[in-house]
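Remarks on the structure that follows.
Side chains are part of it too, since the values below use all heavy atoms of this structure and drop only hydrogens, waters and symmetry mates. Below, chain A is the first sequence line, B the second, and so on; all start at residue 1.
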Number of protein chains: 2
Amino acid sequence: MPAVRRSTAPSQPASSAPTRSTSAQASSLSKARQDNAREIAEDYVEAIADLITLTGEARVVDLARTLGVTHVTVSRTITRLQRQGFVRSEPYRSIFLTESGAALARDCKSRHETVTAFLRALGVRRETAERDAEGIEHHVSDETLAAFLKFLHANG
Amino acid sequence: MPAVRRSTAPSQPASSAPTRSTSAQASSLSKARQDNAREIAEDYVEAIADLITLTGEARVVDLARTLGVTHVTVSRTITRLQRQGFVRSEPYRSIFLTESGAALARDCKSRHETVTAFLRALGVRRETAERDAEGIEHHVSDETLAAFLKFLHANG
DNA sequence: ACCCAAATGTAGCCAAGGCTACGAAACCAT
DNA sequence: ATGGTTTCGTAGCCTTGGCTACATTTGGGT
């Protein structure tokens, strides 16, 4: 039963209106979507760096285990990361980080540790802090990160 | 010039090793990937709720403007959200939130505001706080959110 | 009434992440 | 050196988010 046409209250033209105001923000979200690939890249280089530190090398299977995906997914993603210049690898060999890949990994690791320590300092349990940090670290700006560090210095 | 076979230091078997330790966490990431859809859903219902509050109704074009994507993307996503029971809409009509959609929107809004207020309390500039909150809000557990609120009460 | 502009919808394309199934290469032992 | 296990690559499929181009519906004006 199709009732009303344009619902009930068109009030404002709703055309030029929502540009910001109370909360109807824009653009930032659209970008955040495509940044999914960037987040994945960060997770990968971080995991690769960790594996190299822990076991001496990063293999596809290890990454698959670490990241909780199949080796196929890892393999394909590594291809993309190689295309983007973060890693280099040859068929059936280990995966290595390039300069920029290593730099990104260092950046992510530091960021991750800061976020984790910050959450811990707030009283969040270690396990929760670790889990939340994994999601949060990709969305913390330099300014916010600085605020976290400042808080840590004041309360550490 | 393909040098070594298995790189240089296989040291540990790298098989059963990386389960957690220093940082090589697992599973959480794999899930976080598919959760992308959930984040999108949250952004949409939040935007829909805002539009309804601000302009009286939520139309595809308004959502497109708000979210910074084309109306096509919005249209298709709305179809998925409808399938998932968060919204209901008929061709060429407004978009409405279902009960669960509205509940999700309320939850997200509250979460968003808490994160923003928390960042502001830490000294982060309004603009940055808003931007970061958009990314962070989807990754904050209840425990961490509670810690944020506690901090706000102690420093507000 | 009619027409036109704006709002929606549809078709079809791309990238990316996930998966299963299966084949090929590498390694380790015997 | 030969075979079996493990690792890796490829083929092929699904979902989802984004887009452009084009068709259709609405709704407001003249």
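Along DNA chain D, the nucleotide nearest to A:Ser89 and the one nearest to B:Val74 differ in position, and the one closer to the 5' end is contacted by A:Ser89.
Terminal axes of the helix from C:dA1-D:dT30 to C:dT30-D:dA1 (five pairs each, C1' rotation axis) are separated by 10°, to the nearest 10°.
Ranking C:dG17, D:dG17, D:dT10 by closeness to the A:Val72 side chain, first place goes to D:dT10. Of the listed nucleotides (D:dC8, C:dC19, D:dG17), D:dG17 has the atom at the smallest distance from the side chain of B:Thr77.
Contact annotation: A:Arg80 reaches the phosphate of C:dG17 (side-chain N/O to OP1 or OP2, under 4.0 Å). A sub-4.0 Å separation between OP1 or OP2 of C:dT8 and a side-chain N or O of B:Ser75 is absent. Between A:Thr73 and C:dC19 there is a side-chain polar atom (N or O) within less than 4.0 angstrom of OP1 or OP2.
When the side chains of ILVMFWY residues are joined at heavy-atom separations under 4.5 Å, either directly or via intervening members, B:Val140 and B:Leu104 end up in two distinct hydrophobic clusters.
Looking at B:Glu143 and A:Arg131, their side chains never come closer than 4.5 Å, going by heavy atoms from C-beta outward.
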Evaluate A:His112 against A:Glu130 for side chain to side chain contact (heavy atoms under 4.5 Å, CB included), listing each step before the verdict.
CA-CA 9 Å; A:His112 180 93; A:Glu130 277 293 344; 3.3 Å; yes
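Judged by atom type and distance alone, B:Arg76 reaches the base of D:dG18 through a side-chain donor-acceptor pair under 3.5 Å.
Rounded to an integer number of Å, the gap from CG of A:Leu81 to C1' of C:dA15 is 14 Å. Protein atom CD1 of A:Ile78 is 14 Å distant from nucleotide atom P of C:dA16, rounded to whole Å. The CZ atom of B:Arg59 sits 4 Å away from the P atom of C:dT8 (whole-angstrom rounding). What separates CZ of A:Arg38 from C1' of C:dA16 is a distance of 15 Å, to the nearest Å. The CD atom of A:Glu39 sits 19 Å away from the P atom of D:dT16 (whole-angstrom rounding). In this structure, B:Glu57 atom CD and D:dT26 atom C1' are separated by 13 Å, rounded to whole Å. For B:Asp43 and D:dT16, the CG to P distance is 16 Å, given to the nearest whole Å. Regarding A:Arg93, its CZ atom lies at a distance of 11 Å from the P atom of D:dG9, rounded to whole Å.
Residues satisfying the salt bridge (Lys or Arg N to Asp or Glu O under 4.0 Å) criterion with A:Arg111, sequence neighbours excluded, are A:Asp107, A:Asp142. Residues passing the side chain to side chain donor-acceptor pair (under 3.5 Å) test with A:Arg88, sequence neighbours excluded: none. Residues satisfying the side chain to side chain donor-acceptor pair (under 3.5 Å) test with A:Ser100, not counting sequence neighbours, are A:Thr98.
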Which atoms of nucleotides 22-25 of chain C (N or O only) lie under 3.5 Å from a protein N or O atom, and what are those distances?
residue : atom : partner : partner atom : Å
C:dA25  : O4'  : A:Tyr92 : OH           : 3.2

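Within 4.0 Å (heavy atoms only), B:Arg83 reaches sugar-phosphate atoms of the nucleic acid but no base atom. Among the protein residues, B:Val60 comes within range of the sugar-phosphate backbone only, with heavy atoms under 4.0 Å from sugar or phosphate atoms but none that close to a base.
When all heavy atoms are compared, the tightest approach of A:Thr116 to A:Ala129 is O-CB, 4.1 Å. Of all non-hydrogen atoms in A:Ala64 and A:Thr70, the two that sit nearest each other are CB-C, 3.9 Å.
The aromatic rings of A:Phe151 and A:Phe118 stand perpendicular to each other, their planes meeting at an angle above 60°, with 30° marking the opposite boundary.
Here salt bridge (charged side-chain N to carboxylate O under 4.0 Å, His left out) pairs that include residues 67-86 of chain B, with residues two or more places apart or in two chains, number zero.
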